[in-house]
There are 2 protein chains.
Amino acid sequence: MAIERRPLREQVKDELLERLGHGRFTPGESINEVHLAEELGVSRTPLREALISLEREGIITSERGKGFRFAPTGRQEFLDLTAILIALESLALRTSDREHLSAIAPRLLAEARAFSAPQAPHGTIERYDDAWHALLLSGCANARLRELIDSLKLTLHRYERVVVGDHAILERAAEEHERIAQCLLDGDMEQAVAALEANWTSGMERIMERLPAVGTR
Amino acid sequence: MAIERRPLREQVKDELLERLGHGRFTPGESINEVHLAEELGVSRTPLREALISLEREGIITSERGKGFRFAPTGRQEFLDLTAILIALESLALRTSDREHLSAIAPRLLAEARAFSAPQAPHGTIERYDDAWHALLLSGCANARLRELIDSLKLTLHRYERVVVGDHAILERAAEEHERIAQCLLDGDMEQAVAALEANWTSGMERIMERLPAVGTR
DNA sequence: ATGCCGAATGCTGTATACAGAACTCAGCAC
DNA sequence: GTGCTGAGTTCTGTATACAGCATTCGGCAT
């Protein structure tokens, strides 16, 4: 039955990410360890361990004597992160096993189309884009690269809140996904990579439009 | 006078990296927190914080109940890491400010040539390659990208020990650096990126030749 | 009213304490 | 001799304690 017994620090980390995704923390907000630990029902030790881990991921900042705070967001950082992720996902796709890609291409197409359909079941919506990309890169043998991409996506998620709930944007993404899948079906890697980059650029622009010009809250 | 008063956890982290670079730990080795903390003259708390930070960088692994150990190395992981770094440094170079590149190109050339010279002062040798690449990317405005590259290089350093002290290899690298600098002087970005990738590939091959086939110690 | 100073408070950074999991090894059955 | 078992030991994961820095706020001088 596999009783999952993970360290508290990891559970705390997940919980913090979850709350951040739901907007229960705001970027720049400073963290009171005692209060937060109490609220989470753990001691300061695993909380601090989780914070240090998140700090290395760039989601949290710390300053000697001042403690931790959620890293401020900014338009420039968003652009920077996006540029990195484009490069990494392109690499992952290019170096994926061709056979595996051919094998999953139909599924990639199907899932994109299923999502375009009027009412996708709720709950799957938020995760759709992530899930699709994860499937796309499931044939990437470079484990390190996959982990890195996942980690960076966590930091990008902080920006995606501005478009959460906007179905039109996700539909547009699904269309772009269809295009990528089609390229893979055709076995045209160059086009697939180009389409993937276009997908990223398009998503980036949608978010940029909605990010306040300065401060980015 | 700027008395540097950094948190112990960071000093510990640096010390561990230093020791790892000098081969005082071997990949796969497991860590006894009490002993190591004592040896470093700190308590377990900042040591564990340093270990958790290094874990996120991929230099250390942990398993619930078993504690921490230095992450095992492997030929495949080395290749994986190299592929990532090629992509990221290429990106960094391509997106660097052209004017800044023109400005530093002469220095890049000079440093590469100075190093090729018979006897470069000792101590500068080990850091030469890193320093040169850092200078090359000094015009990259993407701070996040620069941090990421630095972080990944730390993990690569674990593999470079096999060629440490081999001056021939560094001279070859210096020649490749000259080529890159020359491209930059000519303002030929495409060629510069290609030369940079060649530099990486070449270095990778030199190291691969010397990595034991299995286990990678 | 404004700005400086100092006590008081709160919070972080580090050390230590404690409970329970994992490992070790002697003893015993076979 | 080999394999199992269980007490003892070691170590980790988490909680708690403590010292010192940072911040706040009231009082005083200007």
Side-chain angles (χ1 to χ4, degrees), chain A residues 1-20 24-72 151, chain B residues 1-20 24-72 151:
Chain A
M1 51 184 184
I3 316 170
E4 190 170 12
R5 183 119 183 80
R6 296 192 312 154
L8 277 186
R9 62 171 180 275
E10 292 188 15
Q11 300 180 43
V12 167
K13 194 172 149 182
D14 289 348
E15 176 66 22
L16 292 179
L17 286 171
E18 183 78 14
R19 292 191 181 194
L20 193 58
R24 295 181 55 183
F25 300 120
T26 52
E29 183 179 341
S30 72
I31 293 171
N32 182 316
E33 297 177 13
V34 178
H35 293 169
L36 187 52
E38 198 168 338
E39 196 176 321
L40 295 171
V42 300
S43 80
R44 283 177 60 211
T45 308
L47 170 59
R48 281 181 59 89
E49 292 183 346
L51 291 175
I52 286 167
S53 182
L54 289 170
E55 181 181 18
R56 282 279 351 136
E57 303 206 37
I59 290 176
I60 279 187
T61 308
S62 79
E63 205 176 339
R64 156 96 198 189
K66 310 280 189 66
F68 297 91
R69 60 184 230 270
F70 290 90
S151 166
Chain B
M1 53 185 183
I3 316 170
E4 190 171 13
R5 184 118 183 82
R6 297 192 311 153
L8 278 186
R9 61 170 181 274
E10 291 188 15
Q11 301 179 42
V12 167
K13 194 172 148 181
D14 289 347
E15 175 67 22
L16 292 179
L17 286 171
E18 184 78 13
R19 292 192 181 193
L20 193 59
R24 295 181 55 185
F25 299 119
T26 52
E29 183 178 342
S30 73
I31 293 170
N32 182 316
E33 297 176 14
V34 178
H35 293 169
L36 187 52
E38 198 168 338
E39 196 175 322
L40 295 171
V42 299
S43 78
R44 284 177 60 210
T45 309
L47 170 59
R48 280 179 61 88
E49 292 182 346
L51 292 175
I52 286 167
S53 182
L54 289 171
E55 181 182 17
R56 282 276 356 134
E57 302 207 37
I59 290 176
I60 279 189
T61 308
S62 80
E63 204 176 339
R64 155 96 199 190
K66 310 280 189 65
F68 297 90
R69 58 185 233 269
F70 289 91
S151 167

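Just so it is clear, the structure is predicted and the values come from calculations on it, not from any experiment.
When the options A:Leu20, A:Leu51, A:Leu54 are evaluated for a side-chain contact (heavy atoms from CB on, under 4.5 Å) with A:Phe70, the one that passes is A:Leu20.
In this structure, CZ of B:Arg64 is placed 12 Å from C1' of C:dA19, rounded to the nearest angstrom. Distance B:Ile31 CD1 to D:dC11 C1': 13 Å, rounded to the nearest Å. Regarding B:Leu40, its CG atom lies at a distance of 15 Å from the C1' atom of C:dA15, rounded to whole Å. The CZ atom of A:Arg9 sits 12 Å away from the P atom of D:dT12 (whole-angstrom rounding). Counting to the nearest Å, the C1' atom of D:dA15 and the CZ atom of B:Arg48 are 12 Å from each other. Here C:dA22 presents its P atom at 10 Å from CD of B:Glu63, a figure rounded to the nearest Å. To the nearest angstrom, P of C:dC11 lies 13 Å from CG of A:Leu36. Distance CG (B:Leu8) to P (D:dA19): 17 Å, rounded to an integer number of Å.
Residue B:Asn32 has its side chain nearest to D:dC11 when only D:dC11, C:dC11, D:dG13 are considered. Residue A:Arg44 has its side chain nearest to C:dG13 when only D:dT23, C:dG13, D:dG13 are considered. With D:dT16, C:dG13, C:dT14 as the choices, the nucleotide that has an atom nearest any side-chain atom of A:Ser43 turns out to be D:dT16. For B:Lys66, counting side-chain heavy atoms from C-beta on, the closest listed nucleotide (C:dA15, C:dC23, C:dT14) is C:dC23. The side chain of B:Glu33 sits closest to D:dT12 out of C:dT16, C:dT12, D:dT12.
Across all strands shown, B:Glu10 has no heavy atoms under 4.0 Å from either base or sugar-phosphate atoms.
Side-chain atoms of B:Phe25 and B:Ile31, non-hydrogen and from C-beta on, never get closer than 4.5 Å to each other. For the pair B:Thr45 and B:Leu8, the minimum side-chain heavy-atom distance is 4.5 Å or more. Side-chain atoms of B:Asn32 and B:Leu36, non-hydrogen and from C-beta on, never get closer than 4.5 Å to each other.
Counting heavy atoms of neighbouring residues, nucleotides and ligands inside a 6.0 Å radius, atom CD of A:Glu29 exceeds 12 of them.
Between B:Thr45 and the phosphate of C:dT14, there is no side-chain N or O to OP1/OP2 separation shorter than 4.0 Å.
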